Amino acid sequence: MLREGLKKSEIIRLLEKKLSLDYSYESGYILGSMCSEPIDFGKELYVKYLSKNLGDPGLFQGTAALEKELISEIGMLFGGKDIIGSITTGGTEANIMAMRIAKKLRPDIENPEFIVPRSAHVSFDKGEDIMCGGIKLRKANLDKNFKLDIHHFESLINKNTCGVLGIAGTTSLGIVDPIKEIGRIIEGKDIFFHVDAAFGGFVLPFLSELGYQVPPWDFGVKQVNSITADPHKMGLGPIPTGGFFLRDSSVMNRVGFDIPYLAGGNFKHFHLVGTRLGGQVIAFWAILKYLGIEGFVKIVKDCMENTFYLVKLISEIKGIKLAATPEMNILGITTESGNKINEIDEELRKRNWMVGKFIDFNLIRVVIMPHVNQNHLLKFANELEDITKNLKI
Ligand code: 0PR
């Protein structure tokens with residue numbers, strides 16, 4: 001560390017040089033990310049309210065009330081009523097919270113198990129690891145179209161099952177699991193049902209508005225107990241902003257952590273973190289007010305149009321194909337032969353295209369976020385075609 005501080009202008013110069021290594025969303029090269037440029041108005045408010053700490057909500061009662069209101073409003077968007085929960089650091093924290101709740105609600109189970117589709121996000125493996133043997137993940141197979149094998153899923157349920165997961169927008173392909181079917185399978189079994197809609201949460205309600213056939217995925221399915229949905233993905237909130245939504249408010253009293261010594265008074269919560277940003281809550285509350293349903297519908301409509309545009313471009317390239325029919329603005333690309341996915345990924349990277357590679361599923365993922373436009377996609381498809389020719393695919 002320097003003994004004497006530098007001038008601000010000098011620091012900014014240094015920073016600009018170091019940060020020039022970063023990719024920018026607007027360049028269009030970030031094609032495999034679920035994050036995007038947040039709405040400007042949200043960014044301003046986030047900075048303005050950066051010091052609000054919801055880890056001690058008694059000190060920031062206005063912000064805490066805003067969070068309740070925000071959760072309840074999003075809960076209604078997800079077909080619920082009087083939904084509680086909270087804004088989190090991201091989908092990972094929200095998913096681990098759900099796993100912990102599932103386990104805690106069943107103290108009678110000695111070796112609790114949590115069933116997830118094989119397409120579940122790595123946050124569930126992290127949860128299993130962090131709980132150090134306190135919970136065991138059981139993974140249900142997918143069929144050849146990457147859809148959940150519901151019969152295998154059902155066969156994994158046993159007396160140790162404390163929780164199950166359905167995904168509304170898988171990380172690799174944006175596929176929506178049969179949430180209603182899963183609900184039917186666990187009906188009357190005292191098993192906690194969590195839905196991971198980290199990505200899909202701020203897509204599916206607007207696809208419905210646009211007239212797409214969206215299968216039931218939210219609190220409208222009566223067995224669903226909790227949902228993860230992240231504002232910092234398709235909600236266009238500032239990073240980090242995740243969301244955890246819970247149907248039954250009595251769960252907090254039963255399994256929440258007690259923190260009796262806070263300056264603002266006694267408080268119970270589910271979070272992994274203590275000190276917690278209030279700025280993200282305020283920013284996302286404002287973004288919802290600012291965009292309204294219509295604003296989100298327009299964003300999702302544009303993303304879907306761009307998705308179909310890329311679908312068309314891919315169909316014109318020899319040797320490659322879609323891994324599955326897109327259900328939202330996520331596309332999986334694979335080769336006709338099933339070979340050379342690594343090579344394509346490497347070549348794309350050499351040309352700056354930052355896509356996602358899912359080696360288990362043998363595909364490359366493109367997420368058509370709001371920062372991606374048709375010029376970017378045309379350039380991408382042209383280079384992809386060039387690569388497939390060079391690689392003799
Ligand atoms: N659940 C699902 C279905 C997800 O896809 C993700 C993250 C999470 C939970 C976890 O969310 P957090 O990352 O907020 O904890 N999905 C993205 C992915 O793995 C995360 C991401 C975002 C990765 C931007 C890269 C990137 O550039 O693809």
Side-chain angles (χ1 to χ4, degrees), residues 22-38 78 85-99 114 116-130 137 139 142 146 148 165-177 179 194-204 217-218 226-245 271-273 276-277 280 284 323 326-333 345 348-349 352-361 363-372:
D22 293 358
Y23 281 83
S24 73
Y25 293 112
E26 64 178 16
S27 71
Y29 283 118
I30 302 185
L31 270 189
S33 169
M34 286 185 168
C35 292
S36 198
E37 197 60 47
F78 297 165
S86 83
I87 294 300
T88 64
T89 54
T92 301
E93 187 185 7
N95 285 339
I96 296 175
M97 281 156 72
M99 277 175 93
F114 193 88
V116 303
R118 215 163 268 291
S119 45
H121 185 256
V122 66
S123 43
F124 294 94
D125 299 284
K126 287 184 180 173
E128 179 187 40
D129 189 74
I130 288 166
L137 275 194
K139 296 195 178 181
L142 308 181
F146 303 98
L148 176 64
L165 171 75
I167 311 164
T170 57
T171 303
S172 47
L173 282 163
I175 285 175
V176 182
D177 286 334
I179 304 299
H194 179 63
V195 172
D196 183 0
F199 187 83
F202 291 98
V203 181
L204 293 169
W217 68 275
D218 59 9
S226 63
I227 295 177
T228 290
D230 290 346
H232 69 194
K233 296 189 169 75
M234 280 296 286
L236 299 183
I239 299 169
T241 316
F244 178 68
F245 304 85
H271 305 98
L272 305 184
V273 297
R276 191 159 71 81
L277 272 168
Q280 46 172 216
F284 197 59
E327 295 182 26
M328 51 184 79
N329 47 329
I330 300 181
L331 268 190
I333 303 171
D345 178 66
L348 283 170
R349 251 163 236 287
N352 275 326
W353 293 106
M354 298 291 136
V355 294
K357 183 182 63 181
F358 286 74
I359 223 52
D360 285 355
F361 299 142
L363 60 88
I364 278 166
R365 177 190 75 176
V366 177
V367 190
I368 294 97
M369 294 298 289
H371 62 259
V372 177

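All figures in this text were calculated on a predicted structure; none of them were measured in a lab. Order of appearance sets the numbers: ligands from 1, and atoms from 1 within every ligand.
T170 places a side-chain N or O within 3.5 Å of a backbone atom of I175 that can act as its donor or acceptor partner. Panel note: side chain R118, backbone L148; no donor-acceptor pair is recorded below 3.5 Å. At least one donor-acceptor pair under 3.5 Å links the side chain of E327 to the backbone N or O of V176. The closest donor-acceptor contact from the side chain of D196 to the backbone of A198 lies under 3.5 Å.
In summary, the atoms of ligand 1 found under 4.0 Å from a heavy atom of G169, numbered by their order in the structure, are 3 (C). Counting atoms of ligand 1 from 1 in the listed order, those under 4.0 Å from a heavy atom of K233 are 6 (C), 7 (C), 8 (C), 10 (C), 11 (O), 12 (P), 13 (O), 14 (O), 16 (N). Residue N95 approaches ligand 1 through these ligand atoms, each under 4.0 Å from one of its heavy atoms: 1 (N), 9 (C). Ligand-side atoms of ligand 1 in range of G90: 14 (O), 15 (O), range being under 4.0 angstrom from any heavy atom. Near D230, with a cut-off below 4.0 Å to any heavy atom, the atoms of ligand 1 are 11 (O), 14 (O). Interface of T171 with ligand 1, defined as ligand atoms under 4.0 Å from a residue heavy atom, comprises 2 (C), 3 (C), 4 (C), 5 (O), 18 (C), 19 (O), 28 (O). Heavy-atom proximity to A198, at under 4.0 Å, picks out these atoms of ligand 1: 1 (N), 2 (C), 9 (C). Close approach to H121 involves these atoms of ligand 1, each under 4.0 Å from a residue heavy atom: 1 (N), 2 (C), 4 (C), 5 (O), 6 (C), 7 (C), 8 (C), 9 (C), 10 (C), 16 (N), 19 (O).
Among the atoms of T89, none of the N or O lies under 3.5 angstrom from an N or O of ligand 1. Checked by distance only, ligand 1 and G91 come closer than 3.5 Å through their nitrogen or oxygen atoms.
Distances shorter than 4.0 angstrom do not occur between any heavy atom of E93 and any atom of ligand 1.
When non-hydrogen atoms are compared, ligand 1 lies under 4.0 Å from neither the backbone nor the side chain of V122. In T170, neither the side chain nor the backbone holds a heavy atom less than 4.0 Å from any atom of ligand 1. Here M34 has heavy atoms under 4.0 Å from ligand 1 in both its backbone and its side chain. Contacts with ligand 1 closer than 4.0 Å are made by no heavy atom of K126, backbone or side chain.
With hydrogens and angles left out, the side-chain atoms of H194 and T228 include a donor and acceptor closer than 3.5 Å.
There is a protein heavy atom closer than 4.0 angstrom to atom 26 (C) of ligand 1. Shown here, atom 23 (C) of ligand 1 is out of close reach of the protein: none of its heavy atoms lies under 4.0 Å off.
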* Test log, rule side chain to side chain contact (heavy atoms under 4.5 Å, CB included), inputs M99 and V116 -> CA-CA 11 Å; M99 277 175 93; V116 303; over 6 Å; no
* Carefully, step by step, assess S86 and R276 under the rule side chain to side chain contact (heavy atoms under 4.5 Å, CB included). => CA-CA 11 Å; S86 83; R276 191 159 71 81; 4.2 Å; yes
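Checked against the 6.0 Å centroid threshold, F284 and F202 count as a close aromatic pair.
When each of N95, T92, T171 is checked for a side-chain hydrogen bond (donor to acceptor under 3.5 Å, both in side chains) with S123, only N95 meets the rule.
Here Y25 pairs with H371 under the ring-ring contact (aromatic ring centres under 6.0 Å, His included) rule; sequence neighbours left out.
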